[in-house]
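See below for the structure under consideration.
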Amino acid sequence: MLCEGMIPRRRDGRIILHIDYDAYFAQVYEIENPALRSLPLAVQQKQIIVTCNYEARRRGLHKLQLISEARKVCPDVVIVLGEQLDRFRDASKDLYKYIEGFTWNKKVERLGFDEVFLDVTDIISYNQALLNSNDLRHAFFQLSRNDPTVGFPFDATTVAGHEYPEGSAQLSASEMEHSELYTRLILGSHLAQHIRHKLVEEKGYTSTVGISTSKLLSKLVGNLHKPRSQTTLMPPYERLDDPQAFRDHISMLDESCTSNVTLFIDSHDIGKIPGIGFKMSQKIRNHVLSRPAQIEEVLIYGGTRESVTVGDVRRYPGMGPEMLEKLLGGPGSERGIGYKTWGLINGIDDSEVSMIRKVPSQISIEDSYIRLDTIAEVYKELRMLCTTLLKRMRVDLLEDEEEEEDFQSPDSPQAMVSRLVSHVASTASKRWIAHPKTIRLTTRPRPPLKLSSTRSRTFNRISRSGPLPSFVFNLHEEIDVLVEKLVQETLVPMFHRLHPEKLGWNLSLINIGVTNMVETATSDGTGRGRDIGRMFKRQGEVLKEWKVEDKDIPPDIINERRVEIVTSDGSSPGLQAEPSTANEAMETNWEDALNFAQITMDEDVEWEDEESQGSNRCHTCGAGIPAFAMAAHRLYHTLGD
DNA sequence: TGGGGTCAG
DNA sequence: ACTTCTGACCCCA
């Protein structure tokens, strides 16, 4: 008897696509140099092939192969270096933004460089409602809610690409004709195919896609047919316990055939399920294998480890959320891990595809070392890592300052002055879209070679963190200078907190990271997908008379700072430029603008609470600036160049 | 918030 | 050889 209550109910209302670019690193090179496409191409990191194109695989190469071996197997292989990740990261971001363009709800989530999840539920529902059941073969998929001509024709009676199980459309056609899910998955498969085609046409990338109702299932099912293909996990997803369906499918009632989800997921090795990693799969394996009384064939003495499949675990006597909770729970482990894992084992994953994110939640740089045990070497490495980190921050957290959108009213002093600046000086300035508040230093001490062997626990990295000084946001200073300052003032003290002993340590790794991002406020957080209506509205407003008002000024700092900042004496520690010069320039060239800023100060304004301070940072140097002084502060930067 | 663990690509 | 260089999320105090 099946214990119904132990299996969480399926919720298959969503349609989720999982996109995986084929042999990603290799493809990036192929696009830069199309001549490589027809050749066996391998990407090298250290002494290994990290990935290779399918031509190379056809000739016997594979991932994580030694270079020496690869050359033996395929002497004419073209090997390129893949240690510098910048090009891969850039291409990945570009593809991500392109793919976002297909979504309506902005639910698009990147996993690593080469995978993207899309929640296309809304698009599918919309098109499902549009289907004409009298002529499904000549359906039209609408990609836009506004323009019914944007889209593509398709045959809504068949799945695009592969399906799992193979030929399942014919097998249970009678049941599925009435299945809502069946229709929605068909729609999903055609949308997936369209996106794949567009990725090739517009970006030159081939990809592999999985189509199902959750991140878990779409990711897993996509693996069935690679490369340049797609697979849809077909219904029924539910166990057939409806009496009528029960009789119709009496021949399928063998337990493994109750639903295609179970059929599909049961065959996977337990460690292949996303979310069940090395540690957890080991714990589960040990438990399942260490009770061989139930299963004669499984012997642990032989030393050969039997593979444990999801099916083995799912059907293990007494297995359920409680048992998994006992197995996997404990201090440090995630709350409700047993229930979550039991869900995964039953093909249930309710986790959301997250909204598109413009900024990462952390940026870190690390390097590993054979031996690193002198303070001088450490300083040198800190400087190198810091340099890379600050450059990365300028790439990932900086954005072209385009016409100052939405968030602040178009006639606010900031926007006004900003327009003046970019118009008259035609300065293509940059702004920070986020400010990390914290910097962290991590090291991995070399394992104490021959200790009393208590436990070689995963006890790997140790770290210290502290506030990130705001001078690092100063774009007018040379990186080298900022690095030197950051190392001396922040990282060296942090290092000594981490390693108080003068000698005796030996590091195998150093990592420097910035975290705790505070996003600079923009209206929608995406910075993309301009609203046409809003643009028109704005144009009108720009023509209106200036309004003098500003409600974003924190009360506590205005009195002490107002004079200082308006006279631009560089009260922010990060400002290095000559104050008098900037000041002079402002007064001579920007009198009106300055007056404008002055007027603003004298207005009777309302104050916002402390919370608003985060949005009153200078985009350029990161200094906290009262809103009323921001306009003048911007001028200062512009003229400082 | 600081420090650490697990998982993933 | 579970490597390397990340990044996300979760837990505990």
Side-chain angles (χ1 to χ4, degrees), chain A residues 18-25 43-51 62-69 81-86 88-89 92-93 96 109-117 215-216 219-220 222-223 270-284 328-337 340-341 344 349 351-355 357 359-370 385 388-389 392 396 436-445 456-468 494 497-498 508-518:
Chain A
H18 174 261
I19 305 176
D20 189 338
Y21 316 127
D22 300 320
Y24 178 63
F25 281 21
V43 182
Q44 173 183 13
Q45 255 174 21
K46 260 183 45 172
Q47 285 303 359
I48 54 170
I49 304 288
V50 289
T51 193
H62 54 85
K63 292 179 180 175
L64 306 186
Q65 194 171 29
L66 284 172
I67 296 286
S68 53
E69 191 193 333
L81 277 179
E83 283 161 6
Q84 178 73 322
L85 299 183
D86 283 359
F88 307 129
R89 184 160 35 228
S92 175
K93 272 202 238 173
Y96 177 55
E109 179 179 342
R110 208 157 54 117
L111 187 56
F113 287 162
D114 66 337
E115 296 180 29
V116 178
F117 289 104
K215 293 206 286 182
L216 171 70
K219 180 176 164 74
L220 285 179
N223 289 332
I270 187 65
K272 290 286 170 47
I273 303 304
I276 303 181
F278 181 76
K279 300 272 184 182
M280 281 170 54
S281 61
Q282 279 302 78
K283 287 179 185 170
I284 295 171
L328 308 172
S333 56
E334 194 178 336
R335 226 79 105 96
I337 187 68
K340 183 184 160 190
T341 307
L344 294 178
D349 168 27
S351 65
E352 287 282 320
V353 176
S354 54
M355 296 290 246
R357 233 183 271 173
V359 295
S361 67
Q362 66 131 357
I363 298 173
S364 71
I365 301 292
E366 70 186 37
D367 204 348
S368 55
Y369 312 93
I370 307 293
L385 290 168
T388 312
L389 180 63
R392 274 287 309 284
D396 290 352
K437 284 189 305 193
T438 307
I439 183 165
R440 186 193 56 225
L441 175 64
T442 305
T443 65
R444 184 177 63 199
S456 68
R457 49 159 38 160
T458 326
F459 153 82
N460 244 350
R461 293 142 98 105
I462 51 177
S463 69
R464 293 293 178 269
S465 53
L468 175 67
M494 222 173 250
R497 273 205 288 147
L498 209 44
S508 64
L509 175 142
I510 298 181
N511 173 302
I512 305 175
V514 289
T515 64
N516 253 321
M517 298 289 176
V518 177

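Values in this document were obtained by computation on a predicted structure and should not be read as measured data.
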Exercise. Decide if atom CD of A/Gln47 counts as having more than 12 heavy atoms of other residues, nucleotides or ligands within a radius under 6.0 Å.
Key: no

Quiz item: To the nearest Å, how far apart are A/Arg335 CZ and C/dC11 P?
Solution: 7 Å

Quiz item: What orientation do A/Phe117 and A/His18 show, parallel under 30°, tilted 30 to 60°, or perpendicular over 60°?
Solution: tilted

Quiz item: What is the distance from atom CG of A/Asp20 to atom CG of A/Asp114, rounded to the nearest 0.5 Å?
Solution: 5.0 Å

Quiz prompt | Nucleotide nearest A/Ile462 when distance is taken to its side chain, options C/dG7, B/dG4, C/dA1 | solution = B/dG4

Quiz item: Does a side-chain N or O from A/Ser333 land closer than 4.0 Å to OP1 or OP2 of B/dG5, or not?
Solution: no

Quiz item: Do the charged groups of A/Arg461 and A/Glu366 touch, with an N to O distance under 4.0 Å?
Solution: yes

Exercise. Return the value, rounded to whole Å, for the distance between atom CD1 of A/Ile19 and atom P of B/dG9.
Key: 16 Å

Practice problem: From the options B/dA8, C/dC10, B/dG2, select the nucleotide whose nearest atom is closest to the side chain of A/Lys219. | Solution: B/dA8

Quiz item: From B/dG9, C/dT6, C/dG7, pick the nucleotide closest to the side chain of A/Gln362?
Solution: C/dG7

Quiz item: Taking atom C1' of B/dC7 as reference, at what distance in whole Å does atom CZ of A/Arg110 sit?
Solution: 18 Å

Practice problem: Would you classify A/Ile510 as touching base, sugar-phosphate or nothing, given that sugar-phosphate means primed atoms plus P, OP1 and OP2, and contacts are heavy atoms under 4.0 Å? | Solution: nothing

Practice problem: Among B/dG9, C/dT4, B/dG2, find the nucleotide with the atom closest to the side chain of A/Asn516. | Solution: B/dG2

Exercise. Would you kindly give the CZ-to-C1' distance between A/Arg444 and B/dG5, to the nearest whole Å?
Key: 15 Å

Quiz prompt | Nearest-angstrom distance from the residue atom CZ of A/Phe278 to P of C/dC2 | solution = 9 Å

Self-check item: ring-ring contact (aromatic ring centres under 6.0 Å, His included) partners of A/Tyr24, counting only residues at least two apart
Solution: A/Tyr21

Practice problem: Name the nucleic acid region contacted by A/Glu83, choosing base, sugar-phosphate or nothing; use a 4.0 angstrom heavy-atom cut-off, strictly under. | Solution: nothing

Quiz prompt | Nearest-angstrom distance from the residue atom CG of A/Leu441 to P of B/dG4 | solution = 12 Å

Quiz item: For A/Ser361 and C/dA8, is the shortest distance between a side-chain N/O and OP1 or OP2 below 4.0 Å?
Solution: yes

Practice problem: Give one of base, sugar-phosphate or nothing for A/Pro274, where a contact means two heavy atoms less than 4.0 Å apart. | Solution: sugar-phosphate

Exercise. Just compare C/dA1, C/dT6, B/dT6 and give me whichever is closest to any side-chain atom of A/Ile365.
Key: C/dT6

Quiz item: So, A/Thr515 versus A/Arg440: side-chain donor-acceptor pair below 3.5 Å or not?
Solution: no

Quiz item: Is the phosphate of C/dC9, meaning OP1 or OP2, less than 4.0 Å from a side-chain N or O of A/Lys340?
Solution: no

Self-check item: Distance, rounded to the nearest Å, where A/Leu64 contributes CG and C/dT4 contributes P
Solution: 12 Å

Quiz item: Taking OP1 and OP2 of B/dG3, is either one under 4.0 Å from a side-chain nitrogen or oxygen of A/Ser463?
Solution: no

Quiz item: Quick one: is A/Arg357 getting a side-chain N or O under 4.0 Å of the C/dC9 phosphate, OP1 or OP2?
Solution: yes

Quiz prompt | Nearest listed nucleotide, side chain of A/Arg464, among C/dT4, B/dG3, C/dT6 | solution = B/dG3

Quiz item: So which nucleotide from C/dT6, B/dG2, B/dG9 ends up closest to the side chain of A/Leu111?
Solution: B/dG9

Practice problem: Please determine if a side-chain N or O atom of A/Arg461 lies less than 4.0 Å away from the OP1 or OP2 oxygen of C/dC5. | Solution: no

Practice problem: Kindly say if A/Ser368 contacts the phosphate of C/dC5, meaning a side-chain N or O under 4.0 Å from OP1 or OP2. | Solution: yes

Exercise. Select base, sugar-phosphate, or nothing to describe what A/Gly275 touches, counting heavy atoms under 4.0 Å on all strands.
Key: sugar-phosphate

